[in-house]
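First comes the structure, then the notes that go with it.
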Protein chains: 2
Amino acid sequence: MLSKKTKYGLKALTYLAIQKDKEPVQIAEISRHENISQKFLESILLTLRKTGYLGSKKGKGGGYYLIKEPSEIAMTSVIRVLEGPIAMIPCVSLNFYEKCNDCPDEKSCAVHKLMLQVRDSALEVYRKTTLADLIA
Amino acid sequence: MLSKKTKYGLKALTYLAIQKDKEPVQIAEISRHENISQKFLESILLTLRKTGYLGSKKGKGGGYYLIKEPSEIAMTSVIRVLEGPIAMIPCVSLNFYEKCNDCPDEKSCAVHKLMLQVRDSALEVYRKTTLADLIA
DNA sequence: ATTTATCCTATAGAACTAATAGAGTTATCA
DNA sequence: TGATAACTCTATTAGTTCTATAGGATAAAT
């Protein structure tokens, strides 16, 4: 399952991406438009700022704005930041690899073999899709 | 994340699939060979029996055995039984569809658009892969 | 100074997962 | 027919993760 965090984060990113100018947008506005709990959204936007997708401005007229061009934001990295590993099991993860402790040999493991293919197919989608594609 | 239930279920299925004859295999044997908690495996095998993948025989010399040919067991159905929906979000699920209550229009939703592609790519892998492919 | 808005930490409740416990039922075989 | 092996089923628990909320701290604008 996709977490609400990822879902809301993606919606917030697209909302910021469709803004005409680069003026900061307030959390409250995004939360209203996208039906997201404001406090929850707050923590998600904070994560996105810390990982370099968003800039922020405090005080009156403040808010959040995109730092990068939408066409430069690939889903691979957004998903990894918000959701975590793309692989469904650590033993086939590129960025979060971990050995299964119950499995003597990965090469002959059926689960490994299957999940490797699933990972690759998901990765292909995420790699070729940018934020710009999603708002088109 | 793939649940342990699915992981163990797949391992048990492959273990049964590589048996020479169709003699029942005991839970204890599978649990020993695949390093799975016997009690937990018990409940998983029960699920697989109720959904028509396995047959069972009680009493001395009893155990579980495959009912279908490995080449006739597609991953789509196994995953749906053990893991649940293949889609990462209900609004793009074929078998477990549910509308998002925060989303006014699916067609214009970025998350929907992205997850539809991810679902399709995963589905393609699961559809073309059978139990027979995994033990090859 | 006051208002507006982000920043940050802590925490609580709900839901789900993984595993265990234990009693019940059925089949086989001597 | 009695003992035993093995599956059947329900309940429960411990642990984890997810979602959301609370509340104060900090910074900018006017």
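Each chain gets a letter, A, B and so on, in the order its sequence line appears, and its residues count up from 1.
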Return a table of donor-acceptor pairs under 3.5 angstrom between the side chains of residues 73-81 of chain A and protein atoms on other chains or two or more places apart.
| from | atom 1 | to | atom 2 | distance (Å) |
| --- | --- | --- | --- | --- |
| S77(A) | OG | Y53(A) | OH | 2.9 |
| S77(A) | OG | A74(A) | O | 3.1 |

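Looking at heavy atoms from C-beta onward, E34(A) lies out of side-chain contact with D102(B) at the 4.5 angstrom threshold.
Counting any heavy atom pair closer than 4.0 Å across all strands shown, L45(A) reaches no nucleic acid atom. Looking at heavy-atom distances under 4.0 Å, K7(A) makes no contact with the nucleic acid at all.
Counting to the nearest Å, the P atom of dT19(D) and the OH atom of Y8(A) are 8 Å from each other. Atom CG of L54(B) is separated from atom C1' of dA6(D) by 15 Å (rounded to the nearest Å). Taking atom CZ on F40(B) and atom P on dT10(D), their separation rounds to 17 Å, with Å as the unit. Regarding I30(B), its CD1 atom lies at a distance of 13 Å from the P atom of dA6(D), rounded to whole Å. Atom CD1 of I36(A) is separated from atom P of dA20(D) by 10 Å (rounded to the nearest Å). Here the P atom of nucleotide dA11(D) and the CD atom of E42(B) are 16 Å apart, to the nearest Å. One atom, NZ of K39(B), and another, P of dT8(D), lie 12 Å apart when rounded to the nearest Å. Nucleotide dT8(D) holds its P atom 13 Å from the CD atom of Q38(B), rounded to whole Å.
Ring geometry for Y15(A) against H33(A) counts as tilted: the plane angle lies between 30° and 60°, on a 0 to 90° scale.
Using modelled atom types, one finds no donor on one side chain facing an acceptor on the other under 3.5 Å when comparing E98(B) with S93(B).
For DNA chain C, the contact window with chain B, defined by any atom under 4.0 Å from a protein heavy atom, covers dA18(C) to dT28(C) in 5' to 3' order.
Set against dG24(D), dT8(D), dA28(D), the side chain of K58(A) has dA28(D) as its closest nucleotide. Ranking dC9(D), dC7(D), dT21(D) by closeness to the S56(B) side chain, first place goes to dC7(D).
Comparing K60(A) and L2(A) by the nucleotide of DNA chain D whose heavy atom lies nearest to each, the residue mapping closer to the 5' end is L2(A). Sequence order on DNA chain D of the closest nucleotides to K4(A) and K57(A) puts K4(A) first from the 5' end.
Not one N or O on the side chain of R49(B) forms a donor-acceptor pair closer than 3.5 Å with the backbone of S56(B).
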TODO: Kindly determine whether Q19(A) and Y65(A) satisfy side-chain hydrogen bond (donor to acceptor under 3.5 Å, both in side chains), including the steps that lead there.
DONE: CA-CA 9 Å; Q19(A) 300 301 311; Y65(A) 50 92; over 6 Å; no

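A salt bridge links E42(A) to K39(A): one of the charged nitrogens lies within less than 4.0 Å of a carboxylate oxygen.
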